[in-house]
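Let me begin by presenting the structure, written as structure tokens, before commenting on it.
Note that the structure is a prediction, hence the values are computed from the model and not measured.
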Amino acid sequence: MASVDECRQALRDLADRLDRNAETVRERVDLDRTLACRITDLDTAFHGRIADGRLVEMTDGDDPKAKIALSTSSDDLVALVRGELDVTRAVASRRVSIKASPFDLMKLRKLL
């Protein structure tokens, strides 16, 4: 099981990767939504915002009103960010749950 710090670092790594790709993604994806990432096995959460192709304002704690909510285990979060776990397969196998509008899900797919 990954630690809270490893999950936090994985989200920072994801934010860095999105930041590097923001210029090209921004032209294809117009998405500005609040995001909650819930780590089920650690009983912890993080929240922030996806804006202009970037993951910004990430901080500890849940946001029950987030427009996009991702729930997964700590190990699966780390594997997703490292590219070791395909998000589509993870959702299909219920290792990852993403609650968002269908329109937002399509935009997220382009972003990731």
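Ile50 places a side-chain heavy atom less than 4.5 Å from the side chain of Leu108. Within the 4.5 Å cutoff, the side chain of Leu11 has heavy atoms near those of the Leu77 side chain. Side chains of Ile39 and Val4 form no contact here, defined as non-hydrogen atoms less than 4.5 Å apart. Side-chain contact between Val91 and Ile98 is present, with heavy atoms from C-beta onward closer than 4.5 Å. Using a 4.5 Å heavy-atom cutoff, the side chains of Asp16 and Arg20 are in contact. In this structure, Met1 and Leu42 have side chains that are in contact, with non-hydrogen atoms separated by less than 4.5 Å. Thr59 places a side-chain heavy atom less than 4.5 Å from the side chain of His47.
The hydrophobic clustering, which links ILVMFWY residues whose side-chain heavy atoms are closer than 4.5 Å, places Leu85 and Val81 together. The hydrophobic clustering, which links ILVMFWY residues whose side-chain heavy atoms are closer than 4.5 Å, places Phe46 and Val96 together.
With rounding to the nearest 0.5 Å, the separation of CZ in Arg33 from CZ in Phe103 is 7.5 Å. Put simply, CD on Glu57 and CG on Leu35 are 11.5 Å apart, with the number rounded to the nearest 0.5 Å. How far CD1 of Ile68 is from CG of Leu105: 7.5 Å, rounded to the nearest 0.5 Å. Within the model, atoms CG of Asp63 and CZ of Arg49 stand 9.5 Å from one another, a figure rounded to the nearest 0.5 Å. With values rounded to the nearest 0.5 angstrom, Arg54 atom CZ is found 13.5 Å from Leu31 atom CG. The SG atom of Cys37 sits 6.0 Å away from the CE atom of Met58 when rounded to the nearest 0.5 Å.
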Open item on the list: side chain to side chain contact (heavy atoms under 4.5 Å, CB included) for Val87 and Leu80? Distances and angles first, verdict last.
Closed with: CA-CA 7 Å; Val87 69; Leu80 280 169; 4.0 Å; yes
Task: Criterion side chain to side chain contact (heavy atoms under 4.5 Å, CB included) on Asp52 and Asp32, from CA distance to verdict - done: CA-CA 7 Å; Asp52 294 326; Asp32 187 356; over 6 Å; no
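Heavy atoms of other residues, nucleotides or ligands lying less than 6.0 angstrom from CG of Asp60 number more than 12.
Contact record, Ala66 with Thr34: CA-OG1, 3.1 Å, taken as the closest heavy-atom pair.
Of the possible polar contacts, one joining the Ser74 side chain to the Ala2 backbone as a donor-acceptor pair under 3.5 Å is found.
Ion pairing between a basic and an acidic side chain is recognised when a charged N comes within 4.0 Å of a carboxylate O; Asp104 and Lys67 show no such pairing.
Between the side chains of Ser73 and Asp41, no donor N or O sits under 3.5 Å from an acceptor N or O. Between the side chains of Asp5 and Gln9, no donor N or O sits under 3.5 Å from an acceptor N or O.
Tested against Asp76 for a salt bridge (Lys or Arg N to Asp or Glu O under 4.0 Å), the candidates Arg38, Arg95, Arg89, Arg82 yield a single pass: Arg95.
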